[in-house]
Amino acid sequence: MPHALAQARAAALRGEVPVGAVLCDPAGRVVAAAGNRTRALSDPTAHAEILAIRAACAAAGSERLPGHALWVTLEPCPMCAAAIAAARIATLYYGADDPRMGGVAHGARVFDHPQCHHRPVVYDGIGGAESQALLRGFFAARR
C-alpha cells in the first residue's frame, strides 16, 4: 500500500483526485502502478485501477491477470470493480471506503451480483486512514 499511496500523492500534485493503484504478479513483484489521470488524458475511464490493469495486461500479453493482486487507495467504483472481475484479478486490497461512489462494499456491490463472473478475495481498510486523510486534504484545499 505504501507504493499505491505514493501514486495517489503524485496524482494530487498533478491536480488529479488522489487515488493510486499497484498491481503485483503472483510472485509479489510490482508489474504496474498508476495514479488517476482523468484530467490529464481527458478520459473519464482513466482511473488508477484501469490504467494499472491496462499496463499489466499489456506487459503480460493477456487480458487476464490470474493470481495477481491489486492494491488501491480507495474503494473501486463500479467501472473499476467490473474491470477487476474481467481481468480475473485474484485479490483486491483497498484503503478508504467510498460510501458515495464505491462499487465493492457500497453502491453497486459489483462482486455480489449473480452476473459477476469472477469475484476476487477482498481486503478493505488497508492504509485506510492515510488514504482518507489524503482525499480529505485534497478536497478541502479545493473548496
Side-chain angles (χ1 to χ4, degrees), residues 1-41 43-60 62-113 115-143:
M1 190 57 82
H3 193 53
L5 284 162
Q7 291 292 321
R9 284 190 287 276
L13 291 174
R14 293 190 303 271
E16 302 277 359
V17 174
V19 177
V22 174
L23 252 162
C24 297
D25 69 12
R29 294 178 298 248
V30 173
V31 294
N36 275 358
R37 289 190 179 271
T38 59
R39 290 182 177 184
L41 299 176
D43 179 355
T45 70
H47 291 194
E49 302 96 316
I50 298 293
L51 296 174
I53 290 168
R54 286 177 183 162
C57 285
S62 174
E63 76 280 12
R64 305 248 167 94
L65 301 168
H68 285 63
L70 178 63
W71 297 78
V72 186
T73 58
L74 180 66
E75 176 183 352
C77 72
M79 173 185 69
C80 292
I84 291 164
R88 308 296 200 281
I89 292 170
T91 310
L92 168 65
Y93 301 91
Y94 72 85
D97 284 336
D98 190 352
R100 193 171 77 79
M101 295 297 294
V104 176
H106 300 89
R109 297 181 190 223
V110 171
F111 304 137
D112 292 341
H113 281 264
Q115 296 90 349
C116 184
H117 53 274
H118 172 78
R119 292 164 182 82
V121 176
V122 177
Y123 297 96
D124 62 352
I126 312 298
E130 190 172 351
S131 297
Q132 187 176 55
L134 185 58
L135 286 157
R136 283 190 176 154
F138 176 82
F139 287 113
R142 299 240 179 249
R143 293 184 181 123

Taking only residues two or more places apart in sequence or in another chain, which ones pass side chain to side chain donor-acceptor pair (under 3.5 Å) with Asp124?
->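 If we apply the side chain to side chain donor-acceptor pair (under 3.5 Å) test to Asp124, skipping adjacent residues, there are no hits.
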
With sequence neighbours excluded, what pairs up with His3 under the side chain to side chain donor-acceptor pair (under 3.5 Å) test?
->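 Partners of His3 under the side chain to side chain donor-acceptor pair (under 3.5 Å) test: none.
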
For Leu74 and Val19, which heavy atoms make the closest approach, and how far apart are they?
->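 Heavy-atom minimum between the residues: CD2-CG2, 3.9 Å.
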
Closest non-hydrogen atom pair between Ala52 and Ala32, with its separation |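 Of all heavy-atom pairs spanning Ala52 and Ala32, the closest is O-CB, 3.3 Å.
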
Take Arg14 and Arg39 through the test side chain to side chain contact (heavy atoms under 4.5 Å, CB included) and record every step on the way to the result.
-> CA-CA 9 Å; Arg14 293 190 303 271; Arg39 290 182 177 184; over 6 Å; no

Could you tell me whether the side chain of [Y] reaches within less than 4.5 Å of the side chain of [X], counting heavy atoms only?
X	Y	value
Ile89	Ile53	yes
Pro120	Thr91	no
Pro18	Asn36	no

Starting at CG of Leu23, measure out to CG of Leu70 and round the result to the nearest 0.5 Å.
->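 With rounding to 0.5 Å, CG (Leu23) is 4.5 Å from CG (Leu70).
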
Pairwise distance NE2(His47) to CE(Met79) - rounded to 0.5 angstrom |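 Answer rounded to 0.5 Å: 4.0 Å.
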
Salt bridge (Lys or Arg N to Asp or Glu O under 4.0 Å) partners of residues 78-98, not counting sequence neighbours, each pair once =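 Applying salt bridge (Lys or Arg N to Asp or Glu O under 4.0 Å) to every pair that reaches into residues 78-98, excluding sequence neighbours, yields nothing.
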
Counting only N and O atoms by type, is there a donor-acceptor contact under 3.5 Å from the side chain of [X] to the main-chain atoms of [Y]?
X	Y	result
His68	Pro66	yes
His118	Ala87	no
Glu130	Leu5	no
Arg119	Val110	no
Glu49	Ala21	no
Gln7	Ala48	no

